[in-house]
Every structure is written in structure tokens, then in C-alpha cells.
S.K.: 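I'd like to ask you about the structure that follows.
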Protein chains: 2
Amino acid sequence: MAKRAERKGDPVKLIGLLWRPTVSTGRSGLTPKLITDAAIRVADDEGLDAITLRRVAEELHVSAMTLYPYIAGRPELIELMLDAVTGEVYTGQDLPAGRSDWRDRVRHIVTANWQHHLRHPWTVDVRPGRPVPGPGASGKYETELRALDGIGLSDLEMEHTLTSLLATVSGLARETVELNRAREQSSQSDLQWWNEISPVLATAMAGLDHPTAERVSGTLGETTGLSADPEGALRHATEVLVAGLAALLEGR
Amino acid sequence: MAKRAERKGDPVKLIGLLWRPTVSTGRSGLTPKLITDAAIRVADDEGLDAITLRRVAEELHVSAMTLYPYIAGRPELIELMLDAVTGEVYTGQDLPAGRSDWRDRVRHIVTANWQHHLRHPWTVDVRPGRPVPGPGASGKYETELRALDGIGLSDLEMEHTLTSLLATVSGLARETVELNRAREQSSQSDLQWWNEISPVLATAMAGLDHPTAERVSGTLGETTGLSADPEGALRHATEVLVAGLAALLEGR
DNA sequence: ACCTGAACACCGTTCAAGT
DNA sequence: ACCTGAACACCGTTCAAGT
């Protein structure tokens, strides 16, 4: 486990794999791309923890050690997986830059990234590192910056807006994904869960007074039926961001 | 690894541990709190991956198996660690609700949480699950909601504002933390790193045209000397949020 | 009654041995 | 030249054995 995190990996080698994924080096017919696609299937179904070289190799009917010459190691494989799905965030739908109103372009970036994380839940579990740009991430970055270009923001403001926007989306997607996982694992709705917890919690918290928290989470539960509402938070955050950018641009 | 994620853990037991951490069950003198504090020291220095029961037990001069009766298991220990540091986000500084301008209260929440994540970098690596409220998280939630109370937002808007705000901070802190880790591990500055990568990358990307991305990351590099700037993105996002909330409130 | 050693079923990765 | 089995140094957790 500790060992996993320690190996550094060679960025130059990774770039080669990212940009030339169909070059085969062996006689088994394997390519980085074939391995990556198989791994994405496994991760979509079983989560990032299921991505072990033994498990992916099994999927491809080879031994785990066969994979090493093609993908260098586990961290590199995950980078390859991430870049592959990142490149598909806008496939099958129109590009954000196509919308005439910049507000709609911002909203489109938000929903496309949200759907992307829910389609590939493991993406919220991947630790970011020093970004080594692959074709997928590069193309997405260009697509999204274009949607923010020409509306009156400076280059730096465009970069900061996009970076923070994507951090908000992925942070809230992470909460949603893990909540869904918890719901599945316990096969309990939020209400059932709460009913099991609350008597114990009431005893534990006896004497403590958190009036604001009680009022607000009471309202949340009554309005949404949920104990936490990251998706609602994202809708709200998107509109606040749009209003804030508009105010910023108007003041010029 | 897969096994780690699979064990569910008993929430009722966890609540007991969270709220009565100094109850000792054995003759070794250990308590959940002592174990938790030792684990936090290890994690602050060596990261979340270093939190193995063997490693924590070594710190306390007992065997790994001794810990089980006190902390139930690794996932529960991490929850205990997280709640403990969460309770200290505002210790040693004034509470956000003390500021007279709500804008300053929002900014205070942002900086306190940012510093918290940088002080305990492992916090950005903990997977959120179904939240089991401990004393630390409950107190912080009350503190932060109070800072947003009475400025004209509905209960639901307060909740959504806080949730999205914290997701943005932790998402950007996560990027910063992992960037710092990568910089330490490679002992390379962003510039050195870039000089090693860019010739290989230029060859790989030959023929591809990403004019907006090139222009914007060029500006970012020239202005900040960095290849990525999550901290700047947070400053920008905070001001946009404040402006957006102000616009929302004015329209009423 | 509490503590712990050995054991189980996993990991990523290396390296020598097979084909 | 490519593929792979055994081995190494780890995990979390269980359970029977020790004190």
C-alpha cells in the first residue's frame, strides 16, 4: 500500500503511452489502448479499488506480469484510463462554445463534467498529481477555455474560473458518488439510515445545543428527503457563479 | 486493498467512539483518543497511506491487534482522526460569525478551511462516505452556518452555499496538496519539470492546434511562474462567490 | 480478561526461468 | 524476444493461544 504511492513513474515514458496508445510491443496482440479500455470497463463496474493488475490481466486472459511492458505500472495505467475518459466528456453532445449566451456555456461545462463523473464514478477517487497532459485532457482544456473566451475575462481569470469550476463539480460529484456507494452497500435509504442513527446520536449529543444546524438540516430533510444534497448545492453554486461573473463583467 | 473498501463498519459503534473517545476498555491505558492523536501525528508527517494499524501500533508500543477493541478497524480510525481535526478548524482564531460584514465571514470560512487542509494534507485523501456526525464536525457545521445566518439566504440556500463552498476549497486544496507532494518527490520546480517534459510533449502533439490553451497557459506561466495555480483559483472563486451572493440578495 | 503471534487472503513489483 | 511463476515485502483482519 505504502509502496504503491512511493514509486514515482517516468513522465517521459507516460507521455509516450498517452500519445501513442496503439503501438504494440509484443506478440500477444496487446496494446496500451486495449488494456486501458478493459481497465475502464472493470473500474466502471467495480470501482477503482478493483483495478489491480491481476484483475485487469484476468479480463484480458493473460498473466499480470504481461502487462508491465505495455503500461509501465499501476499509476501509469490509471493515468491512461483517466485521459481516455476525459477525452470523451463532450462526445455525443454539442460543444459548449456553440451556445450563444456565455451563461449557457458555463452551465453546459458544469453538466457535462457532472455527468462524466457519474458515468465513471472512479474518476473522483483518482488522486491528482503533477498533470501530464494526454490527448484527452488537452482537447478538453481547449474546448472549455474556448467557451470562456471572448466574454471579457482576462486569460488568468479564464484559467481561475475554469479550475475552480471543475474543482467544485468534482468535489460535489465525489460526495454524491460516495453517498450512492454507501446507500448501495447498506441498502438503506437516507431516511432508514437516519432512523437507525438518530436515537443513538440524540443520547450522545444530549446537552449540546446546535440550533442553526438543527434548523437547517431539518429544512433540508423536509424539502429534499435527503440527509445531504450535493447535487442541489451544485445547481445553486452554478447560478451564483454565473451571477458573480456577470457582476464582475458589468463593473468594467 | 479491495478488502479494505468492502467492510462496512457499524455506524452505531462509530458514534460511541466519536462521542466518548476517552473511555478506556483495557489495562494498557489506551483510549480511542490516544490512538487517534498518535495516528494524526503519523498522517501529518507521512500521509494517509502511512496509516496502517501496524504503523500506528508501533507508535504506541503495542501490537497491531491491541488496537482493535479500541477503534474497531482502519475505516473507523480514519473517521475518528477526521472528526478530531475538523473540530480544530477554528481553534486559536476568532469565529467567522464575529465579523460584521457577511463578505468577510465567507472569506474567513474559506481561509480557515484552506489552512486546515494544508496543515493536515491527508484530509484531502479521505473518501467521504455517509456522514456520521461527531463532535468536531457538528460543532464546525454550526459555526459555519451561523456565519451565513441572517444575511437573507433561505435555509436551503445556506446549506447549498456552505456545501459547495467547502467542496470548492477541498477540491482545490487537494490539487495543491498533490502538487506539493509531486514537487517534493521529484525535487523539481514546475519550471524544471516543464523543461524536461516540453520537448517530448511538443513532438507528441505535433500537428495539433490548441491556440486558446496555449495562450492561457502561457499567460499563467508568465504571470505566476506555475504550471497550475489552484490557490489563485480559490482567491478568484471566493470573490466571484461573494459577488454572486450579493447580486442574489440585492434582487430581493 | 486482556493482549498477541501466526495465519489467511490479498496487493505491486522484481527477477530468474521457461518457451 | 516475449511471457510468466515464484518470491518479496507489504496490507487488514480473524482467531486461537498465551498470560
Side-chain angles (χ1 to χ4, degrees), chain A residues 1-10 13-14 17 23-32 34-35 39 42-43 46-81 122 125-127 129 185, chain B residues 1-10 13-14 17 23-32 34-35 39 42-43 46-81 122 125-127 129 185:
Chain A
M1 169 59 67
K3 282 199 134 185
R4 270 191 186 178
E6 276 160 26
R7 195 173 58 75
K8 283 183 256 186
D10 178 0
K13 183 162 189 184
L14 179 55
L17 294 173
V23 172
S24 182
T25 58
R27 71 189 167 213
S28 63
L30 284 178
T31 61
L34 281 171
I35 297 171
V42 172
E46 303 169 33
L48 193 60
D49 286 340
I51 298 301
T52 68
L53 295 186
R54 285 167 171 91
R55 176 76 186 80
V56 175
E58 181 196 6
E59 199 74 6
L60 294 160
H61 308 105
V62 294
S63 79
M65 294 64 89
T66 307
L67 302 181
Y68 274 88
Y70 299 93
I71 48 101
R74 186 178 187 268
E76 287 84 356
L77 172 59
I78 291 173
E79 289 297 313
L80 291 172
M81 293 166 62
W122 53 272
D125 292 321
V126 178
R127 282 194 198 181
Q185 266 192 18
Chain B
M1 169 59 65
K3 282 200 133 187
R4 271 192 186 179
E6 276 161 27
R7 195 174 56 78
K8 283 183 256 185
D10 178 1
K13 182 163 191 183
L14 178 55
L17 294 172
V23 173
S24 180
T25 58
R27 69 191 170 213
S28 64
L30 284 177
T31 60
L34 282 171
I35 298 171
V42 172
E46 304 168 34
L48 193 62
D49 285 341
I51 299 301
T52 68
L53 295 186
R54 284 167 173 91
R55 176 75 186 81
V56 175
E58 182 195 6
E59 198 76 3
L60 294 161
H61 307 106
V62 294
S63 78
M65 296 63 89
T66 307
L67 302 181
Y68 274 88
Y70 298 93
I71 48 101
R74 185 178 188 267
E76 286 85 356
L77 173 58
I78 290 172
E79 288 298 312
L80 290 172
M81 294 166 62
W122 52 272
D125 292 320
V126 178
R127 283 193 198 181
Q185 268 192 17

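Letters A, B, ... are given to chains in the order of the sequence lines, protein chains preceding strands, and every chain is numbered from 1. For the numbers below, each heavy atom of this structure counts, side chains included, while hydrogens, waters and symmetry mates do not.
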S.K.: Using whole Å, what does the distance between atom P of nucleotide D:dG12 and atom CG of B:Leu48 come to?
M.R.: 11 Å
S.K.: C:dT14 phosphate, OP1 or OP2: any side-chain N/O from A:Tyr68 under 4.0 angstrom?
M.R.: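 No, outside the criterion.
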S.K.: Walk me through whether A:Val56 and A:Ile71 qualify under side chain to side chain contact (heavy atoms under 4.5 Å, CB included).
M.R.: CA-CA 12 Å; A:Val56 175; A:Ile71 48 101; over 6 Å; no
S.K.: Between C:dC11 atom C1' and B:Asp49 atom CG, what is the distance in whole Å?
M.R.: 13 Å
S.K.: Looking only at heavy atoms, which two atoms of A:Leu48 and A:Arg74 are closest? And how far apart?
M.R.: O-NH2, 3.5 Å
S.K.: On DNA chain D, check which nucleotide each of A:Ser63 and A:Arg54 is closest to and give me the residue with the more 5' one.
M.R.: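 Result: A:Ser63.
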S.K.: Does D:dT4 have its OP1 or OP2 closer than 4.0 Å to a side-chain nitrogen or oxygen of A:Thr66?
M.R.: yes
S.K.: For B:Arg74 and C:dC11, what is the distance between atoms CZ and C1' respectively, to the nearest whole Å?
M.R.: 13 Å
S.K.: Is the phosphate of C:dC3, meaning OP1 or OP2, less than 4.0 Å from a side-chain N or O of B:Tyr70?
M.R.: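 For C:dC3, OP1/OP2 do have a side-chain N/O of B:Tyr70 under 4.0 Å.
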S.K.: Between P on C:dC11 and CG on A:Leu77, what's the gap in Å once rounded to a whole number?
M.R.: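 Taking atom P of C:dC11 as the reference, CG of A:Leu77 is at 14 Å.
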S.K.: When the distance from CD of B:Glu58 to C1' of D:dC10 is rounded to whole Å, what number comes out?
M.R.: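 Checked: the CD to C1' distance equals 14 Å.
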S.K.: Side chain to side chain contact (heavy atoms under 4.5 Å, CB included) between A:Ile51 and A:Met81: does it pass, once the steps are laid out?
M.R.: CA-CA 11 Å; A:Ile51 298 301; A:Met81 293 166 62; 4.0 Å; yes
S.K.: Does the pair A:Asp125 and A:Asp49 meet the rule for a side chain to side chain contact (heavy atoms under 4.5 Å, CB included), with working shown?
M.R.: CA-CA 9 Å; A:Asp125 292 321; A:Asp49 286 340; over 6 Å; no
S.K.: Starting at atom CG of A:Leu67, determine the distance to atom C1' of D:dC2, rounded to an integer number of angstrom.
M.R.: 14 Å
S.K.: Rounded to whole Å, how long is the line connecting atom CD1 of B:Ile78 with atom P of D:dG12?
M.R.: 9 Å
S.K.: What heavy-atom pair brings A:Ala72 and A:Leu17 nearest, and what distance separates the two atoms?
M.R.: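 Scanning both residues completely, I find the closest heavy atoms to be CB-CD1, 4.3 Å.
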S.K.: Sorted by first residue and then second, give each salt bridge (Lys or Arg N to Asp or Glu O under 4.0 Å) pair with at least one member in residues 56-65 of chain B; sequence neighbours left out.
M.R.: B:Arg55-B:Glu58, B:Arg55-B:Glu59
S.K.: What does the 5'-to-3' dot-bracket notation of DNA chain D look like when only Watson-Crick and G-U wobble pairs under 3.5 Å count, and pairs to other strands show as |?
M.R.: ||.|||||...|||||.||
S.K.: Roughly, in whole Å, what's the span from CE in B:Met65 to C1' in D:dT19?
M.R.: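 After rounding, the gap between these two atoms is 15 Å.
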S.K.: Could you check B:Tyr70 against B:Leu34 for side chain to side chain contact (heavy atoms under 4.5 Å, CB included), going step by step and ending with a plain yes or no?
M.R.: CA-CA 10 Å; B:Tyr70 298 93; B:Leu34 282 171; over 6 Å; no
